[in-house]
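Being a predicted model, the structure only gives us computed values, none of them experimental.
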Amino acid sequence: MKRIVAVLVSLTMFPLVATAQSVTPFRLPSARMAALGGPHAASVNGVDSIFENPAGFASDDSELSIASLVVNPSGPVFDIAGLLLGGNDLTTGLVSLLDATGRLYVSAHSLGPLSFAYSGKGLGFGIFNTTNVIVNAASLLSVSYSISEDILLTGGYAYRFNIADRQSLDLGIMPKGFIRASVGKRASLTDIMALADDPGAILGSPLTMTTGLGIDVGFRWSYDDMLAIGLVARDAYSPAMVTSYAGYQAFIDSPSTGVTTNALVPADLSLGLAYSPRFLLLSTMGARVLVLLDY
């Protein structure tokens with residue numbers, strides 16, 4: 001019977017795995033995680049547990065986020081904004097921003113204003129939207145750009161086992177659903193500059209709709225709020241469907257005419273250690289030292 005079940009599961013997953021393409025993970029920008037160098041499997045805190053480790057939902061502390069706005073720019077974003085607002089020649093200005101090899105990379109990722117989340121007392125859930133803009137210029141004749149809007153809905157549960165004196169083991173699981181609409185293509189720098197005069201032309205670029213379901217699982221062992229070890233599998237299994245259209249208008253006119261392929265969000269397995277030594281002087285000042293190691 002076990003062999004039959006295993007064969008059925010393998011046959012069910014084979015068409016998806018065999019033809020699946022890779023989908024960029026749905027990661028949301030966070031000011032706290034950016035300051036700490038990214039998500040950490042053992043250091044879980046409030047609603048950031050949704051992105052770090054669902055085992056953090058078992059925390060005795062709870063946090064409710066009604067809305068937030070986070071912007072994470074990369075590259076000469078403010079220089080380009082100055083060119084647009086200053087009325088300067090955009091083409092000449094962008095050429096001056098190219099590096100020594102003739103490349104230019106600019107990105108901006110923003111979270112919100114839709115950012116409603118709760119974490120604590122064993123529960124965690126949230127609904128978020130993000131906007132992502134990427135411009136990657138390999139040369140003046142080869143510039144790719146993409147603009148995407150993501151919506152992520154999550155909800156999970158964690159349970160705490162008190163396994164010994166001052167020791168606990170938290171186990172968490174978090175199903176999620178996501179949808180992404182993105183437009184983009186590769187063109188010359190001159191074509192990209194034309195979009196500044198006619199932003200509506202962006203909707204004529206190829207459109208991709210990505211939808212799917214996923215699951216995160218994790219555990220966290222802690223000792224006396226001083227030492228913790230965490231293991232999390234983000235997107236342990238997150239299949240998706242990617243549907244491509246010639247443009248936004250083609251999607252509006254006939255959504256069923258898109259070309260659909262199977263996809264898979266790559267799994268991210270992370271092991272982390274958190275250590276917080278206690279210093280009386282720092283404790284009296286309301287401060288502490290936190291050492292984080294992740295692999």
Visitor: Can you confirm whether P39 sits close enough to R234 that some side-chain heavy atom of one is under 4.5 Å from a side-chain heavy atom of the other?
Guide: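 Contact flag for P39/R234 side chains = yes.
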Visitor: Measuring from F26:CZ to I179:CD1, what's the distance to the nearest 0.5 Å?
Guide: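 If we round to the nearest 0.5 Å, F26:CZ and I179:CD1 are 8.5 Å apart.
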Visitor: Check H40 against E52 and note the closest heavy-atom contact, atom names and distance.
Guide: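 The pair with the smallest heavy-atom distance is N-OE2, 3.2 Å.
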Visitor: Strictly distance-based, threshold 3.5 Å: is any side-chain N or O of S115 a donor or acceptor partner for the main-chain N or O of G112?
Guide: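 Checked: no pair found.
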Visitor: To the nearest 0.5 angstrom, please state how far the OG1 atom of T154 sits from the CD1 atom of I215.
Guide: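 Spacing of OG1 (T154) from CD1 (I215) equals 12.5 Å.
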Visitor: Would you say the side chain of N132 lies within less than 4.5 Å of the side chain of I147, judging by non-hydrogen atoms?
Guide: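 No; the side chains remain at least 4.5 Å from each other.
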Visitor: Do NZ/NE/NH1/NH2 and the carboxylate oxygens of K121 and D61 come within less than 4.0 Å?
Guide: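 So K121 does not pair with D61 through a salt bridge.
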Visitor: Under a 4.5 Å side-chain heavy-atom rule over Ile, Leu, Val, Met, Phe, Trp and Tyr, are I252 and V183 clustered together?
Guide: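 Result: yes, single cluster for both.
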Visitor: With a 4.5 Å limit on heavy-atom distance, are the side chains of L169 and R220 in contact?
Guide: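 Side chain of L169 against side chain of R220, heavy atoms only: no contact under 4.5 Å found.
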Visitor: Would you tell me whether S146 and S182 have side-chain atoms, one donor and one acceptor, within less than 3.5 Å of each other?
Guide: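 Side-chain D/A pair, S146 to S182: absent.
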Visitor: Can you find a heavy atom in the side chain of S65 that is under 4.5 Å from one in the side chain of Y118?
Guide: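 Contact flag for S65/Y118 side chains = no.
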Visitor: Are L293 and M226 connected in a single hydrophobic cluster, I mean Ile/Leu/Val/Met/Phe/Trp/Tyr linked by side-chain heavy atoms less than 4.5 Å apart?
Guide: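 Linked, M226 and L293 end up in one cluster.
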Visitor: Using side-chain heavy atoms (C-beta onward) and a distance below 4.5 Å, is M174 in contact with I50?
Guide: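 In short, these two side chains touch, coming nearer than 4.5 Å.
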Visitor: So, do F57 and S49 sit near enough that their side-chain heavy atoms are less than 4.5 Å apart?
Guide: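 They are in side-chain contact.
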Visitor: Can you see which heavy atom on A67 is nearest to which on P113, and at what distance?
Guide: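 Closest approach of A67 to P113: CB-O, 3.6 Å.
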Visitor: Please determine which of L153, D216, L213 meets the side-chain contact (heavy atoms from CB on, under 4.5 Å) test together with K176.
Guide: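 Of the listed options, the one satisfying the test is D216.
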Visitor: Indicate whether the side chain of N72 and that of S74 have a donor and an acceptor atom separated by less than 3.5 Å.
Guide: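 Side-chain D/A pair, N72 to S74: absent.
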Visitor: Indicate the ring-plane relationship of F125 and F116, choosing parallel, tilted or perpendicular according to the 30° and 60° boundaries.
Guide: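 It falls in the tilted class, 30° to 60°.
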Visitor: Using a 4.5 Å cut-off on heavy atoms from C-beta on, say whether the side chain of L273 contacts that of L227.
Guide: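 When only atoms from C-beta onward are counted, L273 and L227 do touch, with a gap below 4.5 Å.
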Visitor: Salt bridge (Lys or Arg N to Asp or Glu O under 4.0 Å) between D170 and R160: does it pass, once the steps are laid out?
Guide: CA-CA 4 Å; D170 301 333; R160 170 164 293 177; 2.8 Å; yes
Visitor: From L269 CG over to Y295 OH, what is the distance, rounded to the nearest 0.5 angstrom?
Guide: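 Reported value, rounded in 0.5 Å steps: 10.0 Å.
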Visitor: For the residue pair S238 and G214, what are the closest heavy atoms and their distance?
Guide: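 In this case the closest contact between S238 and G214 is OG-CA, 3.2 Å.
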Visitor: Are F128 and F178 grouped together when hydrophobic residues (ILVMFWY) are joined by side-chain heavy atoms under 4.5 angstrom apart?
Guide: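 Yes, F128 connects to F178 through the hydrophobic network.
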Visitor: Any donor and acceptor pair, going by atom type alone, linking the side chain of S244 with main-chain N or O of T208 inside 3.5 Å?
Guide: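 No; zero donor-acceptor contacts below 3.5 Å.
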Visitor: Hey, mind stepping through L264 and Y237 against side chain to side chain contact (heavy atoms under 4.5 Å, CB included) and telling me if it holds?
Guide: CA-CA 8 Å; L264 197 64; Y237 183 59; 3.9 Å; yes
Visitor: How close do P54 and G218 get, heavy atom to heavy atom, and via which atoms?
Guide: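 The pair with the smallest heavy-atom distance is CG-N, 4.0 Å.
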Visitor: Kindly determine whether R103 and N136 satisfy side chain to side chain donor-acceptor pair (under 3.5 Å), including the steps that lead there.
Guide: CA-CA 8 Å; R103 294 182 57 89; N136 186 5; 3.1 Å; yes
Visitor: Angle between ring planes, Y159 versus F161, binned at 30° and 60°: parallel, tilted or perpendicular?
Guide: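 The arrangement is perpendicular - the two ring planes meet at more than 60°.
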Visitor: Would S119 and E63 satisfy side chain to side chain donor-acceptor pair (under 3.5 Å), going step by step from the backbone distance to the final call?
Guide: CA-CA 5 Å; S119 174; E63 181 180 353; over 6 Å; no
Visitor: Inspect the surroundings of CG in D225 and state if more than 12 heavy atoms from other residues, nucleotides or ligands are less than 6.0 Å away.
Guide: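 No, because the 6.0 Å sphere around CG of D225 holds 12 heavy atoms or fewer from other groups.
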Visitor: Please lay out, stage by stage, how M241 and T261 fare under the test side chain to side chain contact (heavy atoms under 4.5 Å, CB included).
Guide: CA-CA 6 Å; M241 292 189 303; T261 58; over 6 Å; no
Visitor: Might you point out which heavy atoms bring A158 and A55 nearest each other, and give the distance in Å?
Guide: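 Shortest heavy-atom contact: CB-O, 3.9 Å.
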Visitor: Same cluster or not: are V232 and Y157 linked, directly or through other Ile, Leu, Val, Met, Phe, Trp or Tyr residues, by side-chain heavy atoms under 4.5 angstrom apart?
Guide: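 Unlinked, V232 and Y157 end up in two clusters.
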Visitor: Evaluate side chain to side chain donor-acceptor pair (under 3.5 Å) for Y145 paired with S205, printing each intermediate quantity in order.
Guide: CA-CA 10 Å; Y145 71 88; S205 303; 2.4 Å; yes
Visitor: So, taking the atom named CG in L231 and the one named OG in S270, what distance separates them when rounded to the nearest 0.5 Å?
Guide: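 Going from CG on L231 over to OG on S270, the span is 8.5 Å.
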Visitor: Evaluate the criterion side chain to side chain contact (heavy atoms under 4.5 Å, CB included) for residue pair Y245 and V259; output intermediate values, then yes/no.
Guide: CA-CA 7 Å; Y245 299 90; V259 178; over 6 Å; no
Visitor: Does the distance from a Lys or Arg side-chain N to an Asp or Glu carboxylate O, for D150 and R180, drop under 4.0 Å?
Guide: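 Salt bridge present between D150 and R180.
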Visitor: Side-chain contact test, heavy atoms from C-beta onward, threshold under 4.5 Å: evaluate it for L111 versus S68 and give yes or no.
Guide: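 L111 reaches S68 side chain to side chain.
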Visitor: Any idea which heavy atoms bring V217 and A236 closest together, and the distance?
Guide: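 Between these two residues, the closest heavy atoms are CG2-CB, 4.2 Å.
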Visitor: Before giving the answer on side chain to side chain contact (heavy atoms under 4.5 Å, CB included), spell out for N129 and E149 the whole-Å C-alpha distance, their side-chain angles and the decisive distance to 0.1 Å.
Guide: CA-CA 7 Å; N129 85 286; E149 184 72 19; 2.8 Å; yes
Visitor: The test is side chain to side chain donor-acceptor pair (under 3.5 Å); show your working for N162 and Q167 and say whether it passes.
Guide: CA-CA 6 Å; N162 294 312; Q167 297 185 47; over 6 Å; no
Visitor: Are L152 and V23 connected into the same hydrophobic cluster when the rule is that any two of I, L, V, M, F, W, Y join if their side-chain heavy atoms are below 4.5 Å apart?
Guide: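 Same cluster.
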